[in-house]
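To keep things clear, I will list the structure first and then write my remarks on it.
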Amino acid sequence: MALFEARDLDCRRGGRDVFAGLSFSLAAGGALLLTGANGTGKSSLLRLMAGLLQPVGGAILWDDESIAEEPAAHAGRLHYLGHLEAVKPVLSAAENLRFWAALRGHSADIGAALEHFSLAALAEVPGRLLSAGQRRRLALARLLASPAELWLLDEPSVGLDHASVGKLAEAIAQHRAGGGRVVVATHTALDLPDAQPLALDDLPPPPLPELIW
Amino acid sequence: MKGFLLIVGRDLRLALRQSADAWLAVLFFVLTGALFPFGIGPDASLLKVIAPGIIWVVALLAVLLSLERLFLADYEDGSLEQLLLSPLPLELAILGKVLAHWLTTGLPLIAAAPVLAVLFNMDMAGLGTLLLAMLLGTPVLSLIGAIGAALTLGARRGGVLIPLLVLPLYIPALIFGVGATDSALAGLSARPDLLLLGAVLLVMLVVTPLAGAAALRQALE
Amino acid sequence: MHRFANPARFTRLADRVLPFVAAGALVCLGIGLYLALFVAPPDYQQGESVRIMYVHVPSAWMAMFVYVAIAVASAVALVWRHPLADLAAKASAPIGAGFAFLTLATGSLWGRPMWGTWWEWDGRLTSMLILFFLYLGHIALMNAFEDQQRGYRAAAVLALVGVINIPIIKFSVDWWSTLHQPASVLRLDGPTIHPSMLWPLLITALGFKLYYLALVLLRIKSELIAARLRALDLAKLKAT
């Protein structure tokens, strides 16, 4: 079974070391819960995992192959949900969702995905009329509209009501039951049974700049 | 190929639902062109001579005006990072967006060019060549402009920066585009200029996807 | 990779080389200018004003050379992410812009007695003007971002696009200028030039090249010191 892992990752942003020497491994069906104060690099780590950001040291591997080797293949097996929802104001909720699903080769059915996050009634409403929470739910519906082995979720529950947080936990549980893996960075309580915690606060501090320069 | 068409289709749909943007470029094109007789004087014989040059320069400025929205909205609402993480090669996605940009900016300008040609009393024998040259040249403007738009994402005063980066690179297209029309008006063959313009188009069809992808990747780091 | 680009080693090397380069630049420029101003013969057509050429032509060469150097440094920076290449590109751009400006200014001064105007849309001068604009765009983009790394990366892509486009621009401007006017006065037909004019030209050109090298080394060094200052400030911030 393929393993998703990182070895000795160094991350540097804007000339500043964010973290160094980070490692983890995540098996099929597993969940990784990133915790840490603001600025400890949770978002940066998720962007590294997605391949949007390159590490300055170490490597992220899928099945023993660096994700930097085959960025397109890696992009094909993941869903990344960042702080931005990628919802176009002039397209309807259904059009927004259908475009992203079709781009990943799944034009078939977005009804179930809309249904799961209680968006069926809003399908024809243009994006600009959706509330912040509804836009968030539409972004989450992308996860279900086309399958991907790896979900990378950055604060997925921000702006969601109680019921929707439950729906999100349910979607994640189903995803994991089917062998999918998920990495979540969150501050709020999210029901993730047997998630491996990864606390970015506990990492040794990055080397002082003097040592490098 | 399917992904490419999806991008073109989405961008066209977005442009049609916000069609004011495309109209503004055309309006700008005609209005700015119509300013020149006021600056130069209504001397018909002079206007006739400078018509191709004016039309090209004004078309170039109209395209420039529309460049900022090429990637900025997608950058700000997160669509660009989703696009980067889609299985579609980023180079192809860029070409799709440029094609949609040209269809909604370059093509309307070509349609509006005869209006300016009439206002400037241009010899109608050159109109066909003018339109043909614009057909080859305006895609070059979109392609080069896409690089400038991608490079300035997230920059301070990005919109002001784009002309500074893009205008010097527009000069060959301007020279060959006007040259073709001038040749036709002088009764010479416009072929060499048109071929050169086509060659520039081919070069930029290769350069823009590569440079644009590099620019977008670094913009999202 | 950035862990291996040892700035301390670079600084040591630069400190050792710099005095020789600077001295070489001074000597070459001194000899070159002396030969150009006092030894080389006046032109039989242009008279004494031909002496402007000994500054104009080498600076035109340098303006083009520096842009190519920036493009090479940019490719190195993009492919290997070598931070010294970023610094070299950043340090070179204003110097190249300076050479382009010098070319335009001397061209204008030379043109005055030749053409009777300060500016003529001559093919070479026009190409140089566009090159000057390319430099300005590069410098503006380099400094347009909060995050200097992004400035480096964006400017590097622009430099590579620019260097691909320069031959196209050059060709199109030549095409355009031969269409609109006769050949320029500033013509320098390499092999037919007399040795008494060639030597001062080559020596001045060498002096300019050494001057550029000295300036780049100096500017990279000061960038490194500035980066170290920022790093120390950051460390202090973390410690508190």
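Every chain is numbered from 1 and lettered A, B, ... according to where its sequence line falls, protein lines coming before strand lines. The model shown is predicted, which means the values in this text are computed figures rather than measured ones.
Within the 3.5 Å criterion, the main-chain N or O of B:L60 finds no donor-acceptor partner in the side chain of B:Y170. Between the side chain of B:Q82 and the backbone N or O of A:Y80, at least one donor-acceptor pair lies under 3.5 Å.
Within residues 5-14 of chain B, the residues that have a heavy atom under 4.5 Å from a heavy atom of chain A are B:L6, B:I7, B:R10, B:R13, B:L14, listed by number. Listed by sequence position, A:A75, A:G76, A:L78 are the residues of residues 71-79 of chain A in contact with chain B, using a 4.5 angstrom heavy-atom cutoff. Listed in order of number, the residues of residues 107-116 of chain B that approach chain A to under 4.5 Å between heavy atoms amount to none. Residue-level contacts of residues 202-221 of chain B with chain A, in order of numbering, are B:L220, B:E221; threshold 4.5 Å between heavy atoms.
Contacts of B:A93 with chain A are absent, with no heavy-atom separation under 4.5 Å from either backbone or side chain. Residue B:L83 touches chain A through both its backbone and its side chain, counting heavy-atom pairs closer than 4.5 Å. Using a 4.5 Å cut-off between heavy atoms, B:F4 makes no contact with chain A at all.
Under the 4.5 Å side-chain criterion, counting only non-hydrogen atoms from C-beta, B:T181 is not in contact with B:L127.
The two residues A:H175 and A:W151 come nearest to each other via the heavy atoms CE1-NE1, 3.3 Å.
At a cut-off of 3.5 Å, with distance as the only test, no side-chain donor of A:H83 or A:E155 sits close to an acceptor on the other residue.
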